[in-house]
Amino acid sequence: MTTAVAFTDVSLEGKTLTADQLWFFNENGYIVLKGLLTPREVDALKQLRDRASKRAEEVGGSFRDGPAHYDVEKLAGDPTGKTLRLRKIQEVFKSEPVFRDMLSQDKLLDAVEDLIGPNIYYHSSKLMCKPARGGRRKPWHQDYAYWATMNTRQVTVWIAIDQATKENGCMQVIPGSHRRGLIEHHQLEDFQIDEAGIEKENIVFAEMEPGDVLIFSVLTLHASDTNHSPNPRLSAIIDFDSEPAPTGSALGSNTPLRSR
Ligand SMILES: O=C(O)CCC(=O)C(=O)O
């Protein structure tokens, strides 16, 4: 059952970020906007996760819905080795209207416009479920490394749906790392940088409340730990481009969500 959500429940006043917020982003490569999504919107995304988890259970594993990928993982520490949990939905923007409507709202695009300019294109998206007790870690990386032929004027928008804490694997960022350019990535535990280069004292743990939004440059180094807590850590992720996708690109779009 799809829940109707009133997208007029705008909680952010004004269209654009303040001069202080823009300065902070330029300096640090990230910014946190508190309470951008309403509790009702947060709840609608939780219901999306619950519906998708049920579908994965019925299918008994990972499955596709058009261009979207519903990926399950084995529950860590489960002695039967058989318990599956929905890990993420890749390209969820293309399969779930609730996600698409919520993540292309003006209150989000207004902030994105301030960071990448008035032409905004959808690039890619995920619903990250990070299940309780074992949802896997994401090693240090820059998103740009995954699609390095594109313009670097892109941002990743990461929205906390559940509370994100150190214990359940909140996002971690290295302030100022977006100014280092693209760092070499290798296929190790994942596609990632050599983590010996991470200065632990510089890590900022982005602990967030449901509805808070973290926006970072696609060159900002980030990671998240395993979820050691008894609670899931649901988040919505969407990347926006300032230009149309190059011809033949698997990701991105040629139709702007917003243009001058
Ligand atoms: O949500 C997370 O834990 C990390 C996700 C991430 O960095 C990514 O998918 O590129």
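One-based numbering, in listed order, for ligands and for the atoms of each. Nothing fancy with the numbering, it's 1 onward along the sequence.
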- Exactly which residues line ligand 1, taking a heavy atom under 4.0 Å from it as the test? K126, M128, K130, K138, H141, D143, W158, M171, H222, S224, R233, I237
- Task: Using the ring-ring contact (aromatic ring centres under 6.0 Å, His included) rule, pick out the option among W147, F93, Y144 that qualifies with H123.
- Result: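 Result: among W147, F93, Y144, W147 is the only option passing the ring-ring contact (aromatic ring centres under 6.0 Å, His included) with H123.
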- Task: Please check if any side-chain donor atom of S242 sits under 3.5 Å from a side-chain acceptor atom of N119, or the reverse.
- Result: no
- Task: May I ask you to check whether F216 and F25 place their ring centers less than 6.0 Å from one another?
- Result: no
So, using side-chain hydrogen bond (donor to acceptor under 3.5 Å, both in side chains) as the criterion, who are the partners of [X] when residues are at least two apart?
| X | result |
| --- | --- |
| D65 | R55 |
| E96 | Y70 |
| S217 | none |

